[in-house]
Amino acid sequence: FATASFGYGSWAYVEGTVRQEKTSTLYPGSNTFVYPSVKGSAIYSSLLKDNTPEWLDYGKIRLSYGVVGNAPEIYKAATGYNQSAVGSYIYNQVPQALGNNEIQPEQKYEFELGWENKFLGNRLGFELSYYQNTVKDQILQTTTSASSGGTSIWMNVGELKNAGVEMSMYGTVIQTKDWNWDISFNMTWQKMKVKNLSLVAGAAATNTSVGPYIDSYQVQTLTEGYA
């Protein structure tokens with residue numbers, strides 16, 4: 001893990017990070033990944049200094065972008081045997097859900113833009129944020145032919161996109177030496193879109209097109225759907 005921060009004039013700030021992760025749930029040799037992130041902010045109330053309006057106490061714009069990963073759970077990247085016994089005889093059995101040593105971690109690409117302001121002696125303020133994230137290589141369980149030794153297999157087949165707006169407003173209605181009356185209001189709007197979802201050929205789906213071959217099994221692809 002490495003991080004670096006820079007500031008300029010008490011109003012501009014930039015920070016970047018690089019994180020390396022290694023997980024035991026992925027196949028050896030393909031289980032080390034690097035995820036970067038960067039964020040910056042500009043406090044324009046400090047930049048304006050004496051030119052700042054009297055009613056504005058604090059104002060900031062922030063921007064961030066980063067990539068994070070999500071490794072599969074245990075045995076999804078490998079097939080573990082189930083052990084049972086009949087009398088004094090012990091036997092191993094391949095589970096119906098097969099592992100897949102070619103699985104990669106899910107990756108989430110996040111972007112956010114924010115705006116913050118405080119007014120009237122910090123008694124009134126609001127925050128407004130727009131965010132967008134895309135999840136690629138989502139790990140899902142798909143059906144497969146029983147001739148492969150199981151009835152399903154874990155694969156990187158999904159891609160989702162989220163976008164939304166968050167807004168919060170807060171203020172101090174009454175402020176005395178004995179007590180304060182604070183109020184706040186929050187609102188969130190979000191839209192999620194399924195960009196890609198692979199399915200085994202023959203399964204029920206809409207808006208499908210014939211996809212690639214994976215281990216000799218042709219799949220179909222569901223695209224551009226809303227959830």
Side-chain angles (χ1 to χ4, degrees), residues 1-23 33-71 73 105-139 158-195 224-227:
F1 181 85
T3 182
S5 302
F6 303 93
Y8 176 78
S10 298
W11 65 272
Y13 301 92
V14 177
E15 179 178 322
T17 65
V18 177
R19 185 178 71 257
Q20 183 185 59
E21 292 186 358
K22 188 172 184 178
T23 174
F33 303 91
V34 177
Y35 301 111
S37 69
V38 62
K39 62 181 179 181
S41 62
I43 305 175
Y44 54 85
S45 55
S46 297
L47 175 63
L48 294 174
K49 296 182 179 179
D50 295 337
N51 295 321
T52 304
E54 294 184 359
W55 46 267
L56 177 63
D57 299 299
Y58 181 81
K60 181 174 76 171
I61 296 176
R62 50 184 169 80
L63 180 69
S64 64
Y65 176 81
V67 182
V68 295
N70 181 31
E73 297 177 6
E106 298 177 356
Q107 296 196 53
K108 185 177 182 181
Y109 300 81
E110 299 180 286
F111 166 82
E112 183 173 343
L113 176 64
W115 185 29
E116 302 177 26
N117 286 281
K118 296 180 181 180
F119 314 97
L120 306 177
N122 295 322
R123 294 186 60 174
L124 179 65
F126 75 85
E127 296 184 18
L128 182 65
S129 300
Y130 168 79
Y131 65 89
Q132 179 178 299
N133 61 68
T134 300
V135 179
K136 295 185 178 182
D137 293 329
Q138 188 178 25
I139 300 172
E159 181 177 342
L160 302 175
K161 182 178 180 180
N162 281 305
V165 176
E166 296 180 348
M167 183 182 70
S168 65
M169 301 181 64
Y170 49 89
T172 301
V173 179
I174 298 176
Q175 185 177 50
T176 69
K177 64 179 182 178
D178 298 318
W179 63 284
N180 292 345
W181 179 20
D182 298 325
I183 60 173
S184 62
F185 169 80
N186 297 282
M187 182 182 71
T188 301
W189 174 86
Q190 176 178 278
K191 181 173 72 173
M192 182 176 70
K193 188 174 185 179
V194 179
K195 299 290 290 182
E224 301 296 324
Y226 288 92

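Nothing here was measured: the structure is a model prediction, and the numbers come from that model.
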- Message: Give me each pair satisfying side chain to side chain donor-acceptor pair (under 3.5 Å) with a member in residues 166-178, each pair once, sequence neighbours excluded.
- Response: Thr172-Asp182
- For residues Leu56 and Asn117, report the shortest heavy-atom separation together with the two atoms involved. CD1-OD1, 3.7 Å
- Query: Are the charged groups of Glu106 and Lys108 less than 4.0 angstrom apart, N to O?
  - Reply: no
- Message: Could you report the tightest heavy-atom contact between Lys136 and Tyr109, atom names first, then the distance?
- Response: CD-CE1, 3.8 Å
- Message: Could you measure the distance from the CH2 atom of Trp55 to the CG atom of Leu124? Nearest 0.5 Å is fine.
- Response: 11.0 Å
- Item | Nearest-0.5 Å distance, CZ of residue Arg19 to OG1 of residue Thr3 | 11.5 Å
- Item | Flag if over 12 foreign heavy atoms under 6.0 Å of CD, Gln190 | yes
- Item | Crowding at CH2, Trp179 (>12 non-hydrogen neighbours, <6.0 Å) | yes
- Query: Ignoring hydrogens and geometry, is there a side-chain-to-backbone donor-acceptor pair from Asp57 to Gly121 under 3.5 Å?
  - Reply: yes
- Message: Angle between ring planes, Phe33 versus Tyr35, binned at 30° and 60°: parallel, tilted or perpendicular?
- Response: parallel
- When rounded to the nearest 0.5 angstrom, what is the spacing between OG in Ser64 and CG in Leu113? 8.5 Å
- So do Val67 and Pro36 actually touch side chain to side chain, heavy atoms under 4.5 Å? yes
- Query: Got a second to check how far Asn122's CG is from Tyr58's OH, nearest 0.5 Å?
  - Reply: 10.5 Å
- Message: Using side-chain heavy atoms (C-beta onward) and a distance below 4.5 Å, is Tyr13 in contact with Ile43?
- Response: yes
- Query: Counting N and O atoms only, with roles assigned by atom type, does the side chain of Ser45 sit under 3.5 Å from a partner on the main chain of Gly59, one being a donor and the other an acceptor?
  - Reply: yes
- Verdict with supporting geometry, Thr17 and Ser37, side chain to side chain donor-acceptor pair (under 3.5 Å): CA-CA 5 Å; Thr17 65; Ser37 69; 2.2 Å; yes
- Do the side chains of Leu63 and Phe111 get nearer than 4.5 Å, heavy atoms only? yes
- What do you reckon, are the aromatic ring centroids of Trp115 and Tyr130 less than 6.0 Å apart? no
- Are more than 12 heavy atoms from other residues, nucleotides or ligands located less than 6.0 Å from atom CZ of Phe1? yes
- Task: Might you work through the side chain to side chain contact (heavy atoms under 4.5 Å, CB included) test for Met169 and Met187, ending with a clear yes or no?
- Result: CA-CA 9 Å; Met169 301 181 64; Met187 182 182 71; over 6 Å; no
- Item | Closest non-hydrogen atom pair, Met167 against Leu128 | CB-CD1, 3.8 Å
- List the steps and the verdict of side chain to side chain contact (heavy atoms under 4.5 Å, CB included) for Lys193 and Lys191. CA-CA 7 Å; Lys193 188 174 185 179; Lys191 181 173 72 173; 5.6 Å; no
- Output for pair (Phe126 CZ, Phe185 CZ), nearest 0.5 Å, gives 13.5 Å
- Message: With salt bridge (charged side-chain N to carboxylate O under 4.0 Å, His left out) as the rule and sequence neighbours excluded, what pairs involving residues 114-133 come up?
- Response: Lys60-Glu116, Arg62-Glu116
